[in-house]
Amino acid sequence: MPGLVIDRDILIDAPVEVVWRTVTEPEQMSQWFADRVDLVVEPGARGYMSFGDQGGPVVVETVDPPTRFSFRWNHPRDEDPVVGNSMLVEFTLTPEGDERTRLRVVESGHELCGWPEAEKQRYADEHNEGWLDYLNRLAALLAGHRSG
Amino acid sequence: MTPQADDELWSAIADPSRRQVLDLIVSNGAVSASWLAGRVPFSRQAVSKHLVVLERTRLISRRKQGREVLYQVEADRLDQATRAMAELAAQWDQRLTAIKRLAEVAYAEEKKRCHP
């Protein structure tokens with residue numbers, strides 16, 4: 001049974017190479033993500049991200065410049081991040097013309113990480129409009145039911 | 001780190017059939033398992049299983065009315081789940097917006113350097 005899926009995207013007025021550097025270079029990452037990022041952007045590399053006085057280990061999964069970058073995090077500190085104990089964050093960069101890039105991020109819950117790629121894609125597609133919309137719709141239904 | 005996701009809860013609402021059951025309970029108030037079974041394209045047994053999972057995550061609760069057991073949504077729990085999900089989505093939106101700003105500024109500076 002799959003867990004949580006968050007799927008967001010944004011259109012950026014910059015070429016894909018520029019966006020790639022912003023997403024993957026540790027000194028850039030520390031400006032949009034963690035306070036401090038100790039990370040080598042290579043598949044399998046282990047790093048650490050600090051958020052104020054908190055922080056946690058990160059393991060790089062996919063590095064496919066300039067379109068795909070993913071890492072696992074939120075696994076228990078004394079365990080290796082494997083399928084079932086970590087969250088997978090996947091960035092996908094898609095050029096739209098020469099000077100624009102669509103940046104998509106999918107953070108998927110524990111169980112989903114172990115799925116075959118095709119299954120995962122199907123699931124993500126199905127739930128693309130799902131999660132938040134679904135919950136909001138339920139909340140609206142509930143409000144209507146209460147007042148009616 | 002990101003707010004820890006409540007795995008059991010997300011798993012519970014990830015299943016389309018279970019969503020259907022939850023939908024019916026939310027739209028109709030307190031309903032029985034057999035009432036639900038009459039309105040979904042799967043077995044009464046499957047309905048019972050979904051009800052067990054939803055009850056375990058505290059999204060619904062049961063009460064007895066005469067000889068019937070009725071299921072109802074736990075509104076606070078549903079609100080809580082919606083807020084948690086919205087918070088996670090908002091967090092990523094903030095990060096994406098920050099990336100956009102950084103990348104666009106970097107690109108503008110790059111262009112200035114190349115074409116002064």
Side-chain angles (χ1 to χ4, degrees), chain A residues 1-23 28-29 31-34 49 51 54-56 73-74 87 89 91 99 101 103-107 109-112 123 126-127 130-146, chain B residues 1-16 18-20 22-30 53 59 72-111:
Chain A
M1 185 57 58
L4 168 75
V5 178
I6 299 270
D7 188 338
R8 315 297 287 177
D9 72 273
I10 198 166
L11 186 61
I12 300 175
D13 287 310
V16 68
E17 292 78 14
V18 176
V19 178
W20 173 259
R21 288 200 294 273
T22 311
V23 172
Q28 296 275 308
M29 286 178 93
Q31 293 188 59
W32 61 263
F33 200 10
M49 291 200 199
F51 297 83
Q54 287 186 314
W73 70 337
N74 273 346
M87 300 289 284
V89 177
F91 289 96
E99 298 198 321
T101 306
L103 175 64
R104 178 181 180 209
V105 63
V106 177
E107 178 166 21
H110 299 175
E111 296 91 339
L112 192 62
Y123 179 79
E126 269 174 16
H127 291 80
W131 294 94
L132 192 52
D133 294 342
Y134 171 73
L135 286 169
N136 280 330
R137 189 169 56 76
L138 275 193
L141 266 177
L142 186 64
H145 183 73
R146 272 166 168 173
Chain B
M1 309 292 303
T2 51
Q4 281 298 320
D6 187 332
D7 281 339
E8 205 173 20
L9 187 141
W10 303 130
S11 295
I13 56 173
D15 183 293
R18 206 140 50 223
R19 287 186 183 204
Q20 222 174 320
L22 186 57
D23 261 5
L24 283 166
I25 297 172
V26 169
S27 317
N28 294 283
V53 175
L59 279 167
Q72 63 206 6
V73 71
E74 285 295 306
D76 290 348
R77 179 71 167 150
L78 186 61
D79 286 350
Q80 191 193 333
T82 308
R83 274 201 306 274
M85 172 61 71
E87 207 177 292
L88 273 174
Q91 216 170 47
W92 277 115
D93 282 343
Q94 276 171 17
R95 290 174 186 145
L96 290 182
T97 305
I99 293 172
K100 177 180 165 74
R101 206 175 46 233
L102 287 164
E104 288 176 355
V105 167
Y107 183 48
E109 279 171 8
E110 209 172 275
K111 273 203 289 198

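From a predicted model like this one, the values you see are computed outputs, not experimental measurements.
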Take the angle between the ring planes of B:Trp92 and A:Phe33 and call it parallel below 30°, perpendicular above 60°, tilted in between.
->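 Tilted, since the angle between the ring planes falls between 30° and 60°.
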B:Arg101 versus A:Trp32: any side-chain heavy-atom pair under 4.5 Å?
->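 When only atoms from C-beta onward are counted, A:Trp32 and B:Arg101 do not touch, as no gap falls below 4.5 Å.
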Let me know if B:Glu110 has heavy atoms under 4.5 Å from chain A in its side chain, its backbone, both or neither.
->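 Looking at B:Glu110, just its side chain touches chain A.
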Do B:Arg95 and A:Glu107 meet the salt-bridge criterion of a basic N to acidic O distance under 4.0 Å?
->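 Salt bridge between A:Glu107 and B:Arg95, a charged N being under 4.0 Å from a carboxylate O: no.
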Minimal non-hydrogen separation, A:Ala14 against B:Ala103, with atom names |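 Residues A:Ala14 and B:Ala103, closest heavy atoms: CB-O, 3.8 Å.
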Contact winner vs chain B - A:Glu99, A:Gln31, A:Gln28, A:Met29, heavy-atom pairs under 4.5 Å |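 Maximum pair count with chain B is reached by A:Glu99.
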Could you tell me the separation between the [atom1] atom of [X] and the [atom2] atom of [Y], rounded to the nearest 0.5 Å?
{"X": "A:Leu11", "Y": "B:Leu96", "atom1": "CG", "atom2": "CG", "result": "11.5 Å"}
{"X": "A:Ile6", "Y": "B:Glu87", "atom1": "CD1", "atom2": "CD", "result": "10.5 Å"}
{"X": "B:Leu88", "Y": "A:Arg8", "atom1": "CG", "atom2": "CZ", "result": "10.5 Å"}
{"X": "A:Leu103", "Y": "B:Ile99", "atom1": "CG", "atom2": "CD1", "result": "5.0 Å"}
{"X": "A:Asp13", "Y": "B:Lys100", "atom1": "CG", "atom2": "NZ", "result": "5.0 Å"}

